[in-house]
There are 2 protein chains.
Amino acid sequence: MTMSPPRREPSPTRRERLRTATVSEIKEGARRLLVSGGPQAVSLRAIARDMGMTAPAIYRYFPSLEALIKALADDLMDELAATVTAAGEAAGDDPTGQLGAMARGFRRWSIEHPVEFGLIFGTPNPAFGDLQAECGPDDPGARFGRPYLEAFLRLWQRSPWPTPPRELMEAHLGPHLEPLWLSQGELPIEVAYTFLSGWSRLYGLVAMEVFNQLRWAVTEPQALFEVEIAMFLIQLGAQPD
Amino acid sequence: MTMSPPRREPSPTRRERLRTATVSEIKEGARRLLVSGGPQAVSLRAIARDMGMTAPAIYRYFPSLEALIKALADDLMDELAATVTAAGEAAGDDPTGQLGAMARGFRRWSIEHPVEFGLIFGTPNPAFGDLQAECGPDDPGARFGRPYLEAFLRLWQRSPWPTPPRELMEAHLGPHLEPLWLSQGELPIEVAYTFLSGWSRLYGLVAMEVFNQLRWAVTEPQALFEVEIAMFLIQLGAQPD
DNA sequence: CTTGCATAGTAAACGGTGTTAACGCACCTA
DNA sequence: TAGGTGCGTTAACACCGTTTACTATGCAAG
């Protein structure tokens, strides 16, 4: 075993395996602290303490606390995107059914992981790194919105739904959607508008529920959520049930 | 001037005047730090330093940093509510015009004060006190939603708009709206639903714009906002313009 | 006028934080 | 077997919130 990689191309050496394991352990500790004590509770010293290490050692793996949080947020976004995609795939062939399932999957994950949701979608804390600063085709938002967009597109090709007049959207919205075209390819503007409208409604409802912004009015936000889902899907041509 | 209050009923004594002035100065300093450096930058020591004081002195005015932030958030909520109310009152008599103006007023304030918006409506930070913990008729959310609700109610009495079937809303939504009835009085359930739906859509759009959650798709969130406002008001029976 | 007390400030200290620097140990490789 | 690199340590700096003990100031009553 002089220098030839024996098994696969990357052939992680022993050191590399240990390293990625430590990276994972650090992020797991960070998440544990995040969940149990909120963002303020995530400290290098506490993570290191839980691992039986000292804080400066973590700098061998992350350049700063901010970078650690950013990496954790990336992982969480992946987890959420996978959950949403799986929910859509488990919902059969009907695109409206898929959309409903993905929306419910998004809400469920967010309700079950409120602190993580806050880290991903909440106040962009300058000290925790301006997430959403990047703006390319690999933006987390784009990665996350793609399954929704694809379902909307399939539905549109199968059976379009009523939208605002095309020329109105072309005039007002079209000129400002270049990033969307760039990351997701060309789309009918009706699909783009309905996606953006629906995504902002979904985000608003879930964020308000997670952030306790509805408690002053509603005891069971899920009821409001289900009514909104139903109304939205009906507007898309689904049969009311 | 032995003990008789000379002027008004409260008759702020000299000490009380100085005290409230200091309280204001502390909150102003906190807001300045918040705006310039984010929530993490708000520290008692920094505030005191800017005032030419030492940190423990602030404990004569606030029991903790958390309480200070909470008081600041209360003030900001008042400022936002006043802005929104003023925008509605400046919009004439048409309730739909008032609703549009209040929605634009909400967005404008939020865009111009993104960090303050994050403090009020963003991630509820356990360390910064669980805002929205309380849940009475004087809840900040209730105080803030009232002008919207009143405009919806006036419009409903003047000319109702199409909604989901009343019995469906009574069955699914009605049982969970007690807090709303308690804080705002009895309302037609159509008004309650439309308010909640519209408020969550408004919140979603504005929060996504403020939190940079739309940049991956849209360069000018205002365009999307205006289209959404127009569509919503048309649904309420307004004339498209 | 003087006594007394509440108020508002101070300095010092405790335990916590992120981060940097200097150092040592262990392993891998040549 | 020698050397370098990766990974961990300790010590230190500069912050932070908070508590304690102490000191002036100014108001009010005797």
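- Using a 4.0 Å heavy-atom distance criterion, A:Thr22 is classed as making no nucleic acid contact.
- Residue B:Arg19 places no side-chain N or O under 4.0 Å from the OP1 or OP2 atom of C:dG9.
- Regarding contacts with the backbone of C:dT7, every side-chain N or O of B:Tyr61 stays at 4.0 angstrom or more from both OP1 and OP2.
- Side-chain contact check for B:Tyr61 versus B:Glu25: every heavy-atom pair is 4.5 Å or farther apart.
- Atom CD1 of B:Ile47 and atom P of D:dC15 are 16 Å apart (whole Å).
- Ring orientation note: the planes of A:Phe195 and A:Phe152 are nearly perpendicular, at an angle over 60° on the 30°/60° scale.
- Nucleotide D:dT9 holds its P atom 10 Å from the CD1 atom of A:Ile58, rounded to whole Å.
- Residue-level contact check: A:Thr54 touches the bases, meaning some heavy atom is under 4.0 Å from a base atom.
- Straight-line distance from the OH atom of A:Tyr59 to the C1' atom of C:dA21: 13 Å, rounded to whole Å.
- Considering only side-chain atoms of B:Met53, the nucleotide from C:dT19, D:dC7, C:dG9 that sits closest is C:dG9.
- Taking every side-chain heavy atom of A:Leu65 into account, C:dT19 is the closest of D:dT18, C:dT19, D:dC7.
- Comparing C:dT19, C:dT10, D:dT18 by their closest approach to the side chain of B:Ala57 singles out C:dT10.
- Nearest-nucleotide assignment on DNA chain C puts the 5′-proximal partner with B:Arg60, out of B:Arg60 and A:Arg45.
- Atom pair B:Glu16:CD and C:dA8:P shows a separation of 10 Å (rounding to whole Å applied).
- A cation-pi contact, defined as under 6.0 Å to the ring centre and within 45° of the axis, links A:Arg107 to A:Phe225.
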**Request:** Give the C-alpha distance, both sets of side-chain angles, the deciding distance and a yes or no for ring pair (Phe, Tyr, Trp, His ring centres under 6.0 Å) between A:Phe211 and A:Phe117.
**Result:** CA-CA 9 Å; A:Phe211 295 163; A:Phe117 177 89; 5.7 Å; yes
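- Atom CE in A:Met51 sits roughly 12 Å away from atom C1' in D:dC7 (whole-Å rounding).
- A donor-acceptor pair shorter than 3.5 Å cannot be found between the side chains of A:Trp109 and A:Glu116.
- Regarding B:Gln40, its CD atom lies at a distance of 11 Å from the P atom of C:dT19, rounded to whole Å.
- Separating the CG atom of B:Leu44 from the P atom of C:dA8 is a distance of 17 Å, rounded to the nearest angstrom.
- Atom pair B:Arg17:CZ and D:dG26:P shows a separation of 14 Å (rounding to whole Å applied).
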